[in-house]
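Beneath this line is the structure, given in structure tokens, with notes to follow.
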Amino acid sequence: MLDIETVRSHPQRVKEAVRAKYAGSPDEIDDLLDRVDELLEVDEARRSHITEMQEKQSRQNDLSSEIGKLKREGKDDEAEKRIEQTSELKEEIDALNEKVEAAETRQRELLLALPNIPHSSVPVGATEEDNEIEETVGDKPSFDSEPHPHWELTDQHDLVDFERGAKVTGSGFPFYTGRGARLQRALLNFFLDRARDRGYQEMQAPLFVNPESAEGTGQLPDKEGLMYKIKESSPEDVEDEITNRLLKREESPNGEAEVRREVRSMINDLMEGDFYPIPTAEVPLTNFHRDEIIDGDDLPLKYCGYTPCWRREAGSYGADVRGLNRLHQFDKVELVHIVHPDESYRALDTLLRDAESALEALGLPYRRLLMCTGDMGFTQAFKYDLEVWSAGQERWLEVSSISNFEAFQARRMQIRYRPEPEAKPRLVHTLNGSGLAFPRILAALLENNQQPDGTIELPDVLHSYTGFAQIE
RNA sequence: GGAGGGGUGACCGAGUGGUCGAAGGUGCUCGCCUGGAAAGCGAGUGUGCCGCCUUGCGGUACCGAGGGUUCGAAUCCCUCCCCCUCCGCCA
């Protein structure tokens with residue numbers, strides 16, 4: 001979420017950010033630009049109503065304390081006169097208050113819809129074609145014969161059972177079997193041990209979050225389709241809720257439009273999830289400090305956590321989703337930084353090195369992309385992607401995305417720090433990066449390390465974690 | 001799931017309708033004292049928003065959340081959430 005003051009004083013910067021981020025889908029630009037204009041109007045109206053309301057509240061308070069004084073002095077007649085004066089004031093205050101609340105609600109809606117402003121150094125571009133390849137590290141392995149894609153290797157060595165996963169749950173929910181499962185556990189321990197050695201505090205987070213948390217990190221309201229949803233309430237609960245609301249309604253409001261609006265708000269409330277299975281550990285780990293004021297001396301905070309992640313990934317198909325390339329449930333170690341706002345780009349470099357060095361330790365060739373404005377997503381101010389080479393598919397697979405959100409998430413979550421004792425609290429900056437996502441790492445390890453005799457050699461650093469050095 | 005108790009500022013804790021944004025204490029900041037420190041003494045110390053003559057001043061809201069009663073609510077009423085204790089169930 002952007003700061004209303006930024007929008008108020010630099011509407012052009014905000015509009016430029018909208019154009020830059022939505023360059024790939026121009027239809028949405030006009031709509032969002034209109035929202036910026038509406039926001040300016042709403043803000044203006046909101047403030048003038050507040051000023052007017054507060055003047056009246058002030059008079060009301062004066063009258064009330066006079067009434068109290070008069071009553072104590074026994075001058076009930078005088079007090080009665082004052083009480084009469086307050087009734088009109090009260091009505092005016094109520095009316096103004098309604099306007100203020102409506103404006104505040106609308107203002108928040110509009111603000112939540114505006115994307116973060118990209119850092120000035122981010123390359124301008126519309127699609128992934130415009131991302132900059134900053135560096136390619138390591139050499140692609142060479143093969144005498146055509147290397148196999150990982151889904152053939154997992155079949156051959158009984159490492160992953162996609163079919164039974166599909167039977168038991170659905171497509172995109174594989175079983176890892178035998179050495180496949182042990183390899184996953186090895187990655188888990190390897191990544192967490194590395195993170196701990198690099199100064200991260202290990203966390204085990206809840207795997208479901210509430211809607212407030214999902215909004216805090218930016219999954220709601222913009223990316224609801226990304227997440228699965230859990231409702232605790234039964235159809236009977238829903239029926240009761242609707243019935244109660246209809247009964248409570250003071251006479252039928254006027255006209256279809258009014259009714260329709262009410263129904264829509266009812267549906268929205270009833271459709272909201274009670275919980276969301278996390279799409280990434282970023283959500284619980286960053287929300288850990290939601291609505292807190294952190295002692296400045298405690299910054300930076302660095303957390304790591306292993307969790308499964310669930311994603312709906314609606315509408316994806318084809319070679320992209322073959323094998324381990326894209327799953328509805330996958331495992332990941334996530335790294336999160338909560339830092340002083342002046343330090344966030346330094347922290348981004350550290351975070352980047354933390355992720356990259358893990359790839360280097362595993363001996364996987366990778367490249368680092370600097371994401372352009374159009375491909376970086378709603379909440380980020382700056383984003384790198386790390387992609388590993390997948391020899392069997394002859395393509396690059398994204399295994400980590402490393403982002404600085406600056407104060408965008410912190411403002412939604414109200415995570416602040418106090419620079420000095422007695423100083424005013426300021427928003428922190430938040431960052432996160434995958435360190436790393438397991439399935440594509442597994443795919444690359446299998447494909448890149450396959451041998452002519454059909455065996456797979458595992459990198460040295462994993463041997464002590466797997467208990468085996470190769471898969472025959 | 002059943003029964004009961006409770007949610008007040010960074011923390012503890014008073015406050016049951018009228019100068020209560022909230023006593024007292026702890027912590028913290030500054031000053032005095034000291035060779036230095038502790039102790040002691042004195043002063044200060046919440047957040048958001050709005051306005052203005054914008055290193056500050058004024059106003060307003062906030063005592064778990066939302067609604068209600070009242071001229072006036074931390075205090076009374078209703079709904080919800082969370083925490084604790086006991087019983088039951090349970091990986």
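What you see below is based on every heavy atom in this structure, not just the backbone, and it leaves out hydrogens, waters and symmetry mates. Naming: A, B, ... by sequence-line order, numbering from 1 per chain.
Here A:R47 lies in heavy-atom contact (under 4.0 Å) with sugar-phosphate atoms only. Backbone-only contact: A:R416 has heavy atoms under 4.0 Å from sugar-phosphate atoms and none from a base. Counting non-hydrogen atoms under 4.0 angstrom, A:R8 reaches the backbone sugars and phosphates but no base. A:Q60 comes within 4.0 angstrom of the backbone, heavy atoms only, and of no base. Within 4.0 Å (heavy atoms only), A:K424 reaches sugar-phosphate atoms of the nucleic acid but no base atom. Using a 4.0 Å heavy-atom cutoff across all strands shown, A:L63 reaches no nucleic acid atom at all. If you check every strand for non-hydrogen atoms under 4.0 Å, A:S64 touches a base. Nucleic acid contact class of A:T51 (heavy atoms, under 4.0 Å, all strands): sugar-phosphate only.
With salt bridges taken as basic N to acidic carboxylate O contacts below 4.0 Å, none links A:R35 and A:E109. For the pair A:E398 and A:R326, the salt-bridge criterion is not met [side-chain N within less than 4.0 Å of a carboxylate O]. Taking 4.0 Å as the cut-off between side-chain N and carboxylate O, A:E343 and A:R346 count as a salt-bridged pair.
Listed for the A:N287 side chain is no donor-acceptor partner under 3.5 Å among the backbone atoms of A:R290.
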Open item on the list: Base contacts versus sugar-phosphate-only contacts with protein, heavy atoms under 4.0 Å: please encode nucleotides 61-66 of chain B as B, S and - from 5' to 3'.
Closed with: S-----
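Side-chain atoms of A:H463 and A:F468, non-hydrogen and from C-beta on, never get closer than 4.5 Å to each other.
Of all heavy-atom pairs between A:P118 and A:A17, the closest is CD-CB, 3.8 Å.
The residue among A:R59 and A:I67 whose nearest nucleotide of RNA chain B is located toward the 5' end is A:R59.
In this structure, the nucleotide among B:U60, B:U47, B:G72 sitting nearest to the side chain of A:S58 is B:U60.
Base pairing annotation: B:G17 forms no Watson-Crick or G-U wobble pair, as no partner gives both donor-acceptor distances under 3.5 Å.
Aromatic ring orientation, A:Y345 versus A:F382: perpendicular (interplanar angle above 60°, classes split at 30° and 60°).
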